[in-house]
2 protein chains.
Amino acid sequence: MELLEEHRCFGGWQQRWRHDSTTLNCAMTFSIFLPPPRDDSPPPVLYWLSGLTCTDENFATKAGAQRVAAELGIALVMPDTSPRGDAVADDPAYDLGAGAGFYLNATEAPWAAHYRMYDYLRDELPQVVNASFTVAPRCAISGHSMGGHGALLLALKNPGRYASVSAFAPIVNPAQVPWGQKAFRAYLGDDPDRWLEWDSCALMRASLPEHAIATLIDQGDNDRFLAEQLQPAVLAEAARQAQWPLTLRIQPGYDHSYWFIASFIEDHLRFHAEHLLK
Amino acid sequence: MELLEEHRCFGGWQQRWRHDSTTLNCAMTFSIFLPPPRDDSPPPVLYWLSGLTCTDENFATKAGAQRVAAELGIALVMPDTSPRGDAVADDPAYDLGAGAGFYLNATEAPWAAHYRMYDYLRDELPQVVNASFTVAPRCAISGHSMGGHGALLLALKNPGRYASVSAFAPIVNPAQVPWGQKAFRAYLGDDPDRWLEWDSCALMRASLPEHAIATLIDQGDNDRFLAEQLQPAVLAEAARQAQWPLTLRIQPGYDHSYWFIASFIEDHLRFHAEHLLK
């Protein structure tokens, strides 16, 4: 593990680390915010998954989350959005390859060798974080757009793992929308049945009520991707039928940007704190 | 005036505008945050001046100031740090030319044709802002590093103009430090006597007590530029002798970055609100 950057921030520390990922077969960078230490107990962790084109730095610099995380005593872990490097397959489009890992395990060439973000986030990164920092094992997960898809996916596929899950403008039904279909065809092959295990709506419909965790989604109604790519109401209806406690808030006038995330991240952190710290 | 971007943010609007500056003889871009409208009165304005290499976007995206500005009802105006464009003189160094206007009026070739950021900020930009937006005439000013120099300079040279002034890690004594000496030699010529009207320490020593306004400076003690370029204690001593109410806070562990600014911007906004809103 190599420390790339470290800054004092809200009484805690904002750091950037590089490590060699055995899951992804490449070097990976992540950011972490460690809140001011408290005597009583180490902080629980909120994992944040970013959207298309992002790295570990977008949320760290633009969302303003550290202030409330410092107040509440929550560590923030911000991974990259895909494997990267000269040896890693890529595509010139912004929505495939680097910056567009879609938080799944690819099965198709040339992607399968490195694109295993699901295993990385489920197994390797938490092991690295828990072994390297003074944090509590209790965790929650959140994300934006493609990262909202990732957060919901990880929560739905791993009952008991996360105390709570939230998302900003998530891709909830990737098997049915252009961004998801393009990525799934490349990473998973042409058979749509194989896409369903990575589709939050499909996973929600198959979920068991006893596995449900508190879920918060914020969606701006001035988001240009809302109708074609996002459609969070489809997930909300699936959650209703599955007796899964999902709160969907439509925020008037807000778009798909980090200005939207910054405006409501405090609500999400306080929501997660209710479940992480109880 | 051309609206380049607009985003809903904390119930207000974050916008980016381009206009043709007659003072600078080039097109200029600025950002503005307009807080949620209130029935009683339009918001006063806080001008923010950024540091070397920055544009109007650094503070807008990284400082997290909009949250408190929305709460307090203060508009934020964030200009660029220099004139720019194909016709504008530049230098390959980061600390001269584009991104390094030093908020003065240049007298030397090739700079004098465009580098008049002082006049732009004192006269033209406030006229544009007051004519184009529903804001109150009352204003305050703040900035970081080179922008802290600019904020102090504008406040010291224009008694009665600003309700209050603050700075993060400002260059207070440019006539005596390498960044300032390099820029002043290029923009103002070799005679150091001509530099003094742009040096906050010299201006402070010549100030009148009846012109004093509340002044807040935050400085991190882990700032790598502290000893060679910044030295805020020199200004604090000049203020003490001039009976000028300057509060200098040394923040342990903080560096020169926007992580430092984000950590204390709320204090600065509440400080300015005391003077802007009374």
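The chains referred to below are lettered A, B, ... by the order of the sequence lines, with proteins before strands, and numbering in each begins at 1.
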Contact part of A/E266 toward chain B, heavy-atom cut-off under 4.5 Å: side chain, backbone, both or neither? side chain
When rounded to the nearest 0.5 Å, the distance separating NE2 of A/H7 from OG of B/S263 is 11.0 Å
Would you give the length of the straight line joining atom CZ of A/R8 to atom CG of B/D223, rounded to the nearest 0.5 angstrom? 15.0 Å
Within 6.0 angstrom of A/D40 CG, more than 12 heavy atoms from elsewhere: yes
Does A/R270 CZ have over 12 foreign heavy atoms under 6.0 Å away? yes
B/Q66 versus chain A, the contacting section by heavy-atom distance below 4.5 Å: side chain
Which atoms of A/A60 come close to chain B, meaning under 4.5 Å heavy atom to heavy atom: side chain ones, backbone ones, both, or neither? both
With a cut-off of 6.0 Å (strictly less than), are more than 12 heavy atoms of other residues, nucleotides or ligands near CZ of B/R249? yes
Which bit of A/T61 is near chain B, if near means a heavy-atom gap under 4.5 Å: side chain, backbone, both or neither? both
Just how far is it from atom CZ of A/F260 to atom SG of B/C9, taken to the nearest 0.5 Å? 11.5 Å
Do you know the tightest heavy-atom contact between B/Y254 and A/F10? OH-N, 3.4 Å
